[in-house]
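When reading the values below, keep in mind they use all heavy atoms of this one structure, side chains included, and skip hydrogens, waters and symmetry mates. For clarity, every value in this text was computed on a predicted model and none was experimentally measured.
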Amino acid sequence: MDTFQLSNPKTRSFHLCNSIRERRKKEQKKIDRRKKNQLTILPPTPLIHHESPYTQTKYQALDEVIKEIKSSIKRGIHIDAQIFSSLLETCFQLESVNHGIQVHHLIPADVLRKSINLSSKLLRLYASCGLVDNAHQLFDEMPKTNTSAFPWNSLISGYAELGRYEDAMALYFQMEEENVEPDQFTFPRVLKACAGIGSISIGEAIHRDVVRFGFGYDVFVLNALVDMYAKCGDIVKARKIFGKIKQRDSVSWNSILTRFPLSKLGGEIHGWVLRRGFENNLSIANSLIGVYSNQGKLDRARWLFKMMPEKDVVSWNSIITGHHKCREALTYFHEMQNSGVVPDNITFVSLLSACAHLGLVEDGRDLFAKMKEKFHIKAQMEHYACMVNLFGRAGLISEAYDVIVKEMSFEAGSTVWGALLFACSVHGNVEVGEIAANKLFDLEPDNAHNFELLMRIYGDAGRWEEMEKVMRLMVDRGLDSVD
């Protein structure tokens with residue numbers, strides 16, 4: 001039987017693409033010669049005379065390779081396992097799970113079952129693309145003699161990314177039971193799951209494993225430990241681990257900056273950053289601006305922002321968000337546009353929030369329209385909530401309600417209806433307030449605050465019987481008054 005294989009494993013899938021392109025070029029030359037003969041009789045048309053060259057995307061090239069392999073299999077040609085391995089690697093790099101599923105269907109079951117390499121790569125693709133159940137099925141079918149941590153790491157990571165932290169932790173403990181030794185890639189994934197659970201005791205047990213297996217000085221593992229301890233609330237241990245990191249990277253600083261209040265750190269981090277020139281590191285500077293803004297230290301945030309030699313969209317969003325209750329937010333937005341940085345959906349959430357706080361209704365309208373028409377950003381739930389808040393705070397209850405019923409193409413969530421209910425409680429609109437409250441009773445049946453707001457609306461309107469009914473409804477649902 002003929003064997004379909006490639007000499008160089010690193011470039012095997014692209015050799016296939018080149019082979020296909022070469023055949024296409026030869027066929028195109030024949031077509032061009034035939035066209036040339038025909039053109040001696042008929043005058044050339046612009047379409048024929050100025051044909052644009054064919055350009056393939058990576059996904060189209062991958063399509064061509066898979067079609068070629070399907071055709072080869074139909075002709076009885078044996079496909080080397082290394083080619084399947086290369087294709088699965090390409091699918092992973094392109095994050096194309098649909099192509100990966102096609103490749104999976106082409107791999108003979110016995111080949112997949114015997115090849116740890118193929119199974120592991122397919123498992124990693126499925127897990128990284130959110131298909132963890134498919135990945136786990138593959139995992140269960142793999143030979144039990146396999147002692148590599150690679151498939152375990154992939155599956156643990158897949159569970160952790162989906163927020164299925166208990167499943168990720170259970171897999172790690174199963175790994176221990178089956179005497180599979182973890183590596184430096186295992187612990188960051190496990191520690192992320194541990195942080196998600198929020199269990200300091202389990203975290204400490206994993207930390208002991210880190211030391212036992214000799215990864216106590218690995219910067220990636222140490223970063224994960226800092227993040228885990230900080231998220232679990234052990235500030236002392238997080239700082240202690242942070243102090244052990246000799247070569248601190250942006251991940252190290254982001255972990256410490258986003259988890260610690262500045263009141264506890266004082267000027268320690270800021271001084272360290274400036275002494276080592278880290279103000280030029282975008283990621284760290286952006287995080288520091290965010291922390292200063294959250295602490296209300298806007299003067300420091302502005303100073304650091306001004307000193308930054310380079311600013312990206314995150315930088316601008318950080319400084320605009322920090323000023324979301326100030327008119328300076330709009331000033332920074334104009335500067336952002338002049339700098340050539342394109343705003344994103346987060347930019348407009350902060351801007352619309354600023355307009356709502358400042359009562360700038362017309363500015364808010366203009367920004368909302370510009371977001372959709374000039375920047376082609378599709379409005380999301382947060383944007384609509386800001387618009388409802390904008391109109392509601394200004395007493396334009398009908399316009400706020402119209403945003404929900406006339407402009408939104410999807411069901412409004414609790415943030416949107418909550419903004420409307422609050423506006424109705426401030427401006428005493430009973431009719432719309434009842435509609436908003438009833439929606440919220442379905443969306444958030446255990447949120448006593450919504451009941452309190454409707455009771456306030458009825459009380460201000462002198463409608464005591466309705467107010468009493470809402471109070472009884474709260475009692476029936478076992479809710480306590482928030483006042």
Original post:
Do the side chain of N338 and the main chain of H334 share a donor and acceptor less than 3.5 angstrom apart?
Top reply: yes
Original post:
Say you draw a straight line from CD of Q82 to CG of L118; how long is it, rounded to the nearest 0.5 Å?
Top reply: 10.0 Å
Original post:
Would R212 and D209 pass as an ion pair if we require N to O under 4.0 Å?
Top reply: yes
Subject >> Candidate list L351, V341, N286, I346, test side-chain contact (heavy atoms from CB on, under 4.5 Å), partner N317, passing option >> reply: I346
Subject >> Reported OG-to-NE2 distance for the pair S353 and H383, which is rounded to 0.5 angstrom >> reply: 11.0 Å
Original post:
Looking only at heavy atoms, which two atoms of S318 and S293 are closest? And how far apart?
Top reply: O-OG, 4.0 Å
Original post:
Can you tell me how far the CD atom of Q137 sits from the CG atom of L131, to the nearest 0.5 Å?
Top reply: 11.5 Å
Original post:
Given the rule in the side chain to side chain donor-acceptor pair (under 3.5 Å) test, do E64 and Q60 qualify, once you have shown the distances and angles that lead to the verdict?
Top reply: CA-CA 6 Å; E64 292 285 354; Q60 290 171 327; over 6 Å; no
Original post:
Do side-chain atoms of S71 reach the backbone of K67 as a donor and acceptor pair under 3.5 angstrom?
Top reply: no
Subject >> 4.5 Å side-chain heavy-atom contact, K374 and Q337 >> reply: yes
Original post:
Does some side-chain heavy atom of M336 sit less than 4.5 Å from a side-chain heavy atom of I319?
Top reply: no
Subject >> Distance-only polar pair, side chains of D167 and H136, donor-acceptor under 3.5 Å >> reply: no
Original post:
Any chance the rings of Y172 and Y159 have centres within less than 6.0 Å?
Top reply: no
Original post:
Hey, does F187 have a side-chain heavy atom less than 4.5 Å from the side chain of P182?
Top reply: yes
Original post:
How many angstroms lie between CG in L222 and CD1 in I245, if you round to the nearest 0.5 Å?
Top reply: 5.0 Å
Original post:
Can K240 and D234 be said to form a salt bridge (Lys or Arg N to Asp or Glu O under 4.0 Å), step by step?
Top reply: CA-CA 10 Å; K240 186 177 179 181; D234 196 329; over 6 Å; no
**OP:** Enter the distance from I66:CD1 to H105:NE2 here, rounded to the nearest 0.5 Å.
**Re:** 11.5 Å
Subject >> Non-hydrogen side-chain atoms of L88 and I107 separated by less than 4.5 Å >> reply: yes
**OP:** Show your working on side chain to side chain contact (heavy atoms under 4.5 Å, CB included) between C91 and L62 and close with a plain yes or no.
**Re:** CA-CA 8 Å; C91 293; L62 190 55; 4.0 Å; yes
**OP:** Write down the atom of L191, the atom of A224, and the distance for their closest heavy-atom approach.
**Re:** CD1-CB, 3.7 Å
Subject >> Check: F92 main-chain N/O paired with S96 side-chain donor or acceptor under 3.5 Å >> reply: no
**OP:** Run the numbers on N134 and L123 for side chain to side chain contact (heavy atoms under 4.5 Å, CB included), then give the verdict.
**Re:** CA-CA 8 Å; N134 302 69; L123 184 155; over 6 Å; no
Original post:
Are any side-chain N or O atoms of T347 and backbone N or O atoms of D344, one a donor and one an acceptor, separated by less than 3.5 Å?
Top reply: yes
Original post:
So, for C386 and L352, which heavy atoms are closest and what is the spacing to 0.1 Å?
Top reply: CB-CB, 3.6 Å
Original post:
Is a side-chain N or O of H104 found less than 3.5 angstrom from the main chain of L122, in a donor-acceptor match?
Top reply: no
Original post:
If you measure from CG on L225 to CG on D218, what distance do you get to the nearest 0.5 Å?
Top reply: 10.0 Å
**OP:** Could you tell me whether K311 atom NZ has more than 12 heavy atoms of other residues or ligands within 6.0 Å of it?
**Re:** yes
**OP:** Check the pair V190, M175 against side chain to side chain contact (heavy atoms under 4.5 Å, CB included), reporting the backbone distance first and the verdict last.
**Re:** CA-CA 11 Å; V190 174; M175 190 178 183; over 6 Å; no
Original post:
Would you find a donor on one side and an acceptor on the other, under 3.5 Å apart, between the side chain of S315 and the backbone of D312?
Top reply: yes
Original post:
Just by distance, with hydrogens left out, do S85 and N117 show a side-chain donor and acceptor under 3.5 Å apart?
Top reply: yes
Original post:
Which heavy-atom pair separates P151 from S148 by the least distance, and what is that distance?
Top reply: CD-O, 3.5 Å
**OP:** Heavy atoms only: give me the nearest A356-N389 pair and the separation to one decimal.
**Re:** CB-ND2, 3.7 Å
Subject >> Side-chain touch H323/R302, heavy atoms, less than 4.5 angstrom >> reply: yes
Original post:
Would you say the side-chain atoms of R189 pair up with the backbone N or O of F185, donor to acceptor, closer than 3.5 Å?
Top reply: yes
Original post:
What's the shortest heavy-atom distance between W417 and A412, and which atoms?
Top reply: NE1-CB, 3.4 Å
Original post:
Counting only N and O atoms by type, is there a donor-acceptor contact under 3.5 Å from the side chain of Y59 to the main-chain atoms of L94?
Top reply: yes
**OP:** State, with a plain yes or no, whether a side-chain heavy atom of Y292 is found less than 4.5 Å away from one of W303.
**Re:** no
Original post:
Got a salt bridge between K121 and E89, using NZ or NE/NH1/NH2 to carboxylate O under 4.0 Å?
Top reply: yes
Original post:
Under a 4.5 Å cut-off applied to non-hydrogen side-chain atoms, are V65 and T90 in contact?
Top reply: no
**OP:** Check whether any side-chain heavy atom of R124 sits under 4.5 Å from a side-chain heavy atom of F150, and report yes or no.
**Re:** yes
Subject >> Neighbour count >12 (heavy atoms, 6.0 Å) for atom CD, E407 >> reply: yes
Original post:
Hey, mind stepping through I200 and E204 against side chain to side chain contact (heavy atoms under 4.5 Å, CB included) and telling me if it holds?
Top reply: CA-CA 6 Å; I200 195 70; E204 288 172 337; 4.2 Å; yes
Subject >> Within 6.0 Å of NZ in K372, more than 12 heavy atoms from elsewhere >> reply: yes
Original post:
Does the gap between the ring centers of Y332 and F305 come in under 6.0 Å?
Top reply: yes
**OP:** Please check if the side chain of T186 supplies one atom and the backbone of N153 the other of a donor-acceptor pair under 3.5 Å.
**Re:** no
Subject >> Charged tip of K370 within 45° of F375 ring normal and under 6.0 Å >> reply: no
Original post:
ring-ring contact (aromatic ring centres under 6.0 Å, His included) between W316 and F333: does it pass, once the steps are laid out?
Top reply: CA-CA 8 Å; W316 288 101; F333 176 62; 9.4 Å; no
Original post:
So, S128 side chain and L125 main chain: donor-acceptor pair closer than 3.5 Å or not?
Top reply: yes
